[in-house]
Number of protein chains: 4
Amino acid sequence: MGFAKKEYEFLSEIGLSSENLGCYVNGKSKANGPVVSSVNPANNQTIAKVVEGSIEDYEEGMTACSEAAQMWMQVPAPKRGEIVRQIGDALRAKLEQLGRLVSLEMGKILPEGIGEVQEIIDMCDFAVGLSRQLNGSIIPSERPNHMMFETWNPLGIVGVITAFNFPCAVLGWNACIALVCGNCVVWKGAPTTPLITIAMTKIVSEVLEKNNLPGAIFTAFCGGAEIGQAIAKDKRIHLVSFTGSSKVGLTVQKTVNERCGKSLLELSGNNAIIVMDDADIKLAVRSVLFAAVGTAGQRCTTCRRLILHESIYQTFLDQLVEVYKQVKIGDPLEKGTLLGPLHTPTSQKNYEQGIEKIKSQGGKILTGGSVIESEGNFVQPTIVEISPDADVVKEELFAPVLHVMKFKTFEEAVKINNSVPQGLSSSIFTWQARNYLQVDRTFRK
Amino acid sequence: MGFAKKEYEFLSEIGLSSENLGCYVNGKSKANGPVVSSVNPANNQTIAKVVEGSIEDYEEGMTACSEAAQMWMQVPAPKRGEIVRQIGDALRAKLEQLGRLVSLEMGKILPEGIGEVQEIIDMCDFAVGLSRQLNGSIIPSERPNHMMFETWNPLGIVGVITAFNFPCAVLGWNACIALVCGNCVVWKGAPTTPLITIAMTKIVSEVLEKNNLPGAIFTAFCGGAEIGQAIAKDKRIHLVSFTGSSKVGLTVQKTVNERCGKSLLELSGNNAIIVMDDADIKLAVRSVLFAAVGTAGQRCTTCRRLILHESIYQTFLDQLVEVYKQVKIGDPLEKGTLLGPLHTPTSQKNYEQGIEKIKSQGGKILTGGSVIESEGNFVQPTIVEISPDADVVKEELFAPVLHVMKFKTFEEAVKINNSVPQGLSSSIFTWQARNYLQVDRTFRK
Amino acid sequence: MGFAKKEYEFLSEIGLSSENLGCYVNGKSKANGPVVSSVNPANNQTIAKVVEGSIEDYEEGMTACSEAAQMWMQVPAPKRGEIVRQIGDALRAKLEQLGRLVSLEMGKILPEGIGEVQEIIDMCDFAVGLSRQLNGSIIPSERPNHMMFETWNPLGIVGVITAFNFPCAVLGWNACIALVCGNCVVWKGAPTTPLITIAMTKIVSEVLEKNNLPGAIFTAFCGGAEIGQAIAKDKRIHLVSFTGSSKVGLTVQKTVNERCGKSLLELSGNNAIIVMDDADIKLAVRSVLFAAVGTAGQRCTTCRRLILHESIYQTFLDQLVEVYKQVKIGDPLEKGTLLGPLHTPTSQKNYEQGIEKIKSQGGKILTGGSVIESEGNFVQPTIVEISPDADVVKEELFAPVLHVMKFKTFEEAVKINNSVPQGLSSSIFTWQARNYLQVDRTFRK
Amino acid sequence: MGFAKKEYEFLSEIGLSSENLGCYVNGKSKANGPVVSSVNPANNQTIAKVVEGSIEDYEEGMTACSEAAQMWMQVPAPKRGEIVRQIGDALRAKLEQLGRLVSLEMGKILPEGIGEVQEIIDMCDFAVGLSRQLNGSIIPSERPNHMMFETWNPLGIVGVITAFNFPCAVLGWNACIALVCGNCVVWKGAPTTPLITIAMTKIVSEVLEKNNLPGAIFTAFCGGAEIGQAIAKDKRIHLVSFTGSSKVGLTVQKTVNERCGKSLLELSGNNAIIVMDDADIKLAVRSVLFAAVGTAGQRCTTCRRLILHESIYQTFLDQLVEVYKQVKIGDPLEKGTLLGPLHTPTSQKNYEQGIEKIKSQGGKILTGGSVIESEGNFVQPTIVEISPDADVVKEELFAPVLHVMKFKTFEEAVKINNSVPQGLSSSIFTWQARNYLQVDRTFRK
């Protein structure tokens with residue numbers, strides 16, 4: 001069945017059509033739940049329809065997956081690596097189309113869309129290498145003629161619940177490692193990015209089928225909270241990897257712990273960038289722009305706080321406001337666009353409410369601050385001058401809003417950096433190694 | 001230019017013709033040394049001609065390679081890994097033809113020829129994974145506010161001198177790791193397998209060229225002792241990896257050490273298999289056959305000594321002699337052949353002399369023992385009953401000759417196993433873990 | 001003040017008297033909570049009195065500990081290692097007395113009491129070595145001229161809640177590693193082993209004082225659930241290590257997770273020993289005896305299930321019942337005693353109720369099964385023949401009760417082994433390496 | 001028998017007297033070689049006499065050592081660690097006296113003498129930790145139901161040949177690791193520091209004896225080239241660790257390689273310090289002083305080249321010359337002395353000849369440059385301004401002579417740094433991390 005628009009036709013190259021079955025269960029596409037629309041955040045029009053999974057689909061999938069787990073864990077690790085290598089190659093062949101779909105359905109700009117798929121490819125390469133290095137240990141014992149052996153056994157099944165902002169990369173990080181380690185994977189993608197979930201699943205499933213392996217090794221569901229809760233509760237799933245808000249994440253963890261399961265959480269962040277007086281300003285301005293506006297501020301590692309040394313404060317801000325004003329906002333698939341739409345109308349509303357709150361707590365808007373009237377969920381990239389003590393600074397507003405603060409001493413800057421409850425990532429711009437070495441939090445992408 | 005025989009025409013698919021330039025120097029095929037013939041050991045007829053490298057070719061190649069080393073070591077390790085990944089994929093695309101060439105020129109049977117190329121592919125996968133794991137260390141210091149950093153720097157250039165019996169796998173083991181670690185590679189293949197050297201080099205060079213990298217990153221020479229000595233003496237080559245006889249290897253090491261270089265030697269072996277009284281005889285017989293007759297006994301890890309518990313001695317030997325008699329000898333490219341020719345007429349002569357020596361030292365031929373009259377360098381697979389004390393048992397006769405000995409106690413078996421100067425590999429067949437754990441030498445392929 | 005009995009006088013050599021302050025807070029012994037008695041389980045008479053900590057003591061201790069954490073994490077790791085080395089030497093000097101106290105207050109036999117203290121000494125040695133090996137990584141980046149640095153930062157404060165059965169070893173496992181890693185330690189010992197808590201703390205505190213370090217680096221409390229809950233809730237404690245029942249452990253985990261803390265749990269077990277038909281029976285009988293009766297069955301790794309191959313079932317049981325009947329029961333400090341009392345009268349009661357339940361579910365008592373009338377909490381070591389399907393087999397009765405079952409095939413044995421909710425430890429007796437390699441659970445002490 | 005001077009009497013506390021037997025052979029002190037004098041380099045007077053080992057002593061020692069190696073490798077690694085721990089404690093007990101002896105016999109100042117012994121103590125701690133971490137690997141195989149095991153086996157016997165400048169620390173680095181790894185140690189100390197060799201050996205031997213272990217596990221010889229050559233040639237010694245000149249080291253390596261042994265060489269160095277224009281001058285001046293004058297310039301890592309940025313060249317030199325003039329020269333055991341004597345009259349002569357050569361190649365003496373007339377081997381600490389191209393700069397003159405050079409760009413500085421044949425150590429003073437990260441050689445103590 002044809003797509004509504006000609007520009008969606010490339011989707012047929014990655015196995016999608018205007019109506020799609022949202023589950024991959026026991027090696028077959030099927031779905032018996034509600035029908036939902038996948039929507040383009042740049043215009044809020046439907047791209048295609050998707051049938052989500054029902055709880056019966058879930059049960060059927062898990063039964064098959066549990067059985068597949070028994071055989072998959074017996075497959076030698078290097079052979080499992082070979083499967084992951086083929087997945088990497090299959091992704092390489094469709095890199096352009098998958099990246100395009102990520103931009104279309106999630107709303108991030110095309111280079112980011114392609115970059116996200118490339119990350120999975122890189123993970124495949126990494127995991128293939130690991131598949132020959134999952135070494136156990138032979139440990140010397142204090143008893144004569146004794147040795148202790150320690151080996152890594154597969155867990156069994158790894159559940160992966162991902163969020164809209166990285167609709168396929170996060171699956172890649174988890175699944176590549178889980179698969180080479182001998183685990184089956186059960187994936188629930190974000191409810192608002194079902195086409196990506198289906199397309200990624202087709203890539204993986206075709207590799208499994210080509211190698212005459214049970215499709216149930218990789219089991220996937222489009223769906224919402226019901227499926228998510230089923231995963232959290234399911235004793236057959238030994239590890240649940242969850243990416244999303246801290247609030248939901250802690251609930252998932254609690255549910256998993258009650259059944260003595262393991263959980264791996266990737267939750268909220270509140271990234272800060274400290275710029276010292278000796279920093280390369282030009283480099284730092286460009287980096288802050290990318291860190292605060294990229295993905296429309298919808299990364300867990302989005303820079304939300306800019307902590308500037310007083311001696312370069314004004315110069316830096318002048319330059320930053322200038323580049324903010326030149327940011328091209330628009331269709332993420334268009335060449336040159338730097339800032340696409342927020343993912344949903346709700347996100348846009350949250351942005352509006354957030355700006356009001358900022359103002360009410362003494363924040364001064366230096367640039368931006370408004371919603372852009374259009375069919376899509378666009379907002380202006382925003383810089384706010386505010387006290388580090390304002391409550392709103394401690395929260396994670398998932399939008400391109402940057403709080404700017406001033407400091408005098410390095411110690412003060414580190415204190416501000418560490419004054420929020422979240423702890424994911426931070427960075428510092430300086431030439432002085434002594435500063436670098438004292439920064440208190442770990443660095444991550 | 002056409003090949004002499006139609007069955008050689010597949011060689012054109014891997015870039016070979018009836019006359020070939022034997023060096024890859026500064027990104028170009030060239031060669032100004034003597035013209036040699038590549039000969040099929042199954043019939044001693046010429047396959048194609050090759051121009052070897054002159055010492056001037058060598059010098060030109062090394063000048064370019066030294067320069068390329070300066071840029072290659074600056075390329076980020078994961079990018080170097082990407083090149084190695086592409087080499088792996090290029091090999092996959094020509095696996096059949098390269099494996100066929102190995103059988104044709106070296107003489108090993110086709111499954112072994114293909115298996116040898118597959119090993120390089122596996123090494124590529126492994127090395128790609130490593131390219132994101134070449135981690136240095138940050139070591140805690142006992143001084144407050146100090147850290148120690150330890151990083152792995154590329155050596156610069158790694159020289160690889162390989163032998164006829166694994167004419168391309170050994171290059172693969174060395175080059176894949178050397179390349180991801182940031183080193184350029186200089187390769188001298190065996191004088192009697194120049195076509196493999198050229199075909200492998202073409203695979204690598206095409207990847208380098210496609211990525212707009214200097215071809216001199218991989219520099220290769222067909223040639224003999226003159227080029228080998230030049231490599232050993234060359235201060236620009238920081239590590240020399242040599243595979244071959246212990247005698248030549250020690251000379252190479254001496255030359256390299258005199259200039260404070262590093263060497264990595266893969267020399268002679270004298271593999272033994274111990275079979276305990278509780279062993280699975282059927283499994284062990286099949287394994288011994290493969291270990292002693294495979295590659296016509298021309299592996300460094302070929303089983304040359306079979307150490308049998310007295311209680312299963314006769315049963316085991318009866319079965320082994322029986323399977324030896326069924327070994328199909330012939331053209332290694334023919335389906336079903338288990339034993340191809342020795343690599344050269346000289347190897348055949350060494351076999352003959354070796355058998356004479358064995359007899360003169362009390363060895364009793366249980367099966368085989370003769371050269372096979374034909375155009376090629378064929379010999380019979382041979383089992384000899386002999387005392388472990390005979391001098392000839394301590395030597396490495398590069399042919400399918402197996403010395404059989406009897407023992408009473410496990411301790412005695414280990415003592416026999418360890419009574420030779422070489423120490424490469426050994427194995428034991430037993431169900432009793434306590435035996436396994438006491439075996440004295442390390443295990444390797 | 002003198003001890004009630006002459007045989008308790010050795011306690012003065014490790015800093016104890018007839019009345020003791022149960023907290024070590026900001027470098028000082030103090031305590032303002034209820035007064036409790038430490039009781040000898042062999043006769044239920046008081047050894048000495050202890051003042052437990054109040055919640056105010058806790059708060060004072062944590063304030064000082066938080067401050068100490070700021071300085072301790074700046075001390076270079078090798079210097080921290082030197083402190084742990086000195087703790088090890090201080091333990092060596094009092095090994096005999098500490099071991100004696102463990103036997104006296106906990107009830108395990110003297111060799112086990114001394115062995116427990118020796119474990120801490122071994123941990124000290126191990127941790128000292130680690131103090132020069134807490135290496136971070138320098139990871140190659142795909143960007144030219146970039147590197148990624150990954151270092152291990154101290155968490156801050158580690159809370160350790162330990163149980164009566166290993167009243168000091170578990171502290172040692174946690175504290176030695178925590179200290180060299182740069183963390184302060186807050187310890188709550190078991191309510192029924194306060195003397196051990198105080199004596200261990202004195203050892204550590206004297207080393208800190210000798211080195212002019214704040215005593216608050218190591219903060220300790222005698223006390224019960226109130227202090228335990230305070231630790232679980234305390235945001236200043238970044239990791240809580242808990243050893244005890246699964247039920248309490250899951251509650252602690254939940255509390256810690258709610259405040260985004262980390263927890264490390266050491267909970268219930270249900271160890272099984274599989275004995276194959278080819279096993280060394282004599283060795284296995286001795287091992288089962290030690291595994292099932294040692295520490296009066298009060299280890300998390302106590303063998304509670306014996307899974308015997310049908311062909312050796314009767315022989316094995318005959319020998320085992322025989323050695324059970326020879327077990328010397330009595331005062332754990334007396335030479336030759338193999339089985340001391342259970343830790344409390346409640347434990348004894350649980351044993352009685354457990355035996356009733358076993359019988360009601362079809363269990364057949366082969367030996368033992370009764371409480372021993374005396375002043376202390378003694379019970380008979382017990383062997384029960386029972387179906388693997390009985391519910392009671394899935395529970396952890398903390399007493400010397402061994403359930404025996406029969407199997408035909410290796411697969412059946414593994415299935416029985418894995419049929420309980422707990423998964424701590426298991427073992428198999430066999431000479432066949434293939435069996436060993438397929439056992440499904442990991443091995444630990 | 002009493003010592004010649006009262007100030008030598010402390011030597012009796014570490015087992016020395018005025019005449020000493022120089023070998024520890026099969027657990028006994030003995031020696032049948034020539035009698036030599038141990039001489040104080042501060043006054044060239046005899047401290048005590050020593051009987052060196054004969055080649056017969058050597059043979060007797062090696063026979064016993066070979067036998068001991070068979071049992072020592074069977075001792076569990078953690079038990080071997082316990083022996084090394086006791087050696088560490090024995091050294092702690094005699095730290096002061098051993099450090100004093102190092103100063104007296106070698107000539108380095110007392111804090112360095114004590115520091116050298118402390119290094120062995122630290123190595124003991126490190127090695128004890130390693131004794132529980134000598135893990136082998138269990139490697140996943142591509143064949144179903146197969147694993148590969150890789151374990152570390154002891155080599156057997158490790159030979160250690162040490163030099164006068166670190167007469168006991170180098171033994172410590174080698175022996176601590178060798179012993180926990182399960183190897184016996186054969187030590188030949190430097191001919192001019194026999195008392196240290198004997199005192200260190202007594203420490204080790206007493207620990208072995210106390211533990212009822214064969215003394216032959218540690219076999220030691222005072223002696224010269226004859227014993228050294230015997231070690232190099234001895235097939236029973238699987239690894240020879242040699243510290244000394246590059247010339248002798250390469251000869252040792254050649255001899256060891258001829259018998260297929262392993263060697264570990266610690267040879268010449270030519271340390272450079274680069275000081276950038278942004279460096280902390282005060283810190284750098286102090287560091288250069290310590291690096292160039294410490295141990296009277298007789299370390300392999302002594303700073304011999306100072307590479308100064310032109311913009312700070314004169315300022316830096318002015319300050320450095322000033323601090324050089326204040327260096328207190330004299331008896332190394334006297335408090336406040338910074339520069340003791342060279343080790344021998346020959347060293348003093350080499351210094352004189354070196355200064356002449358420097359002058360003849362255009363070197364300009366900025367301070368120092370002369371021998372100091374006295375009973376001992378004292379020389380002036382010397383700074384020379386010279387071209388980096390002068391031949392003499394490429395040589396290792398084992399004396400406190402510092403060559404100073406000027407540079408304009410960072411690249412030029414690195415080029416000068418790398419323009420010598422030796423490559424042991426280097427350092428740079430700068431605040432700019434980008435400089436640090438590009439320095440080409442690895443850093444070591």
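Atoms considered below: every heavy atom in the structure, side chains included; atoms not considered: hydrogens, waters and symmetry mates. Numbered from 1 within each chain, the chains take letters A, B, ... in sequence-line order.
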Is there a side-chain contact between A:V128 and B:R85, using heavy atoms and a 4.5 Å cut-off?
-> no
Are side-chain heavy atoms of B:D89 and A:D89 found at a separation under 4.5 Å?
-> yes
Basic-acidic side-chain contact under 4.0 Å: A:R132, B:D122 = yes
d(B:L130 CG, A:L130 CG) to nearest 0.5 Å is 9.5 Å
For B:R143, does the CZ atom sit with more than 12 other heavy atoms under 6.0 Å from it, leaving out its own atoms?
-> no
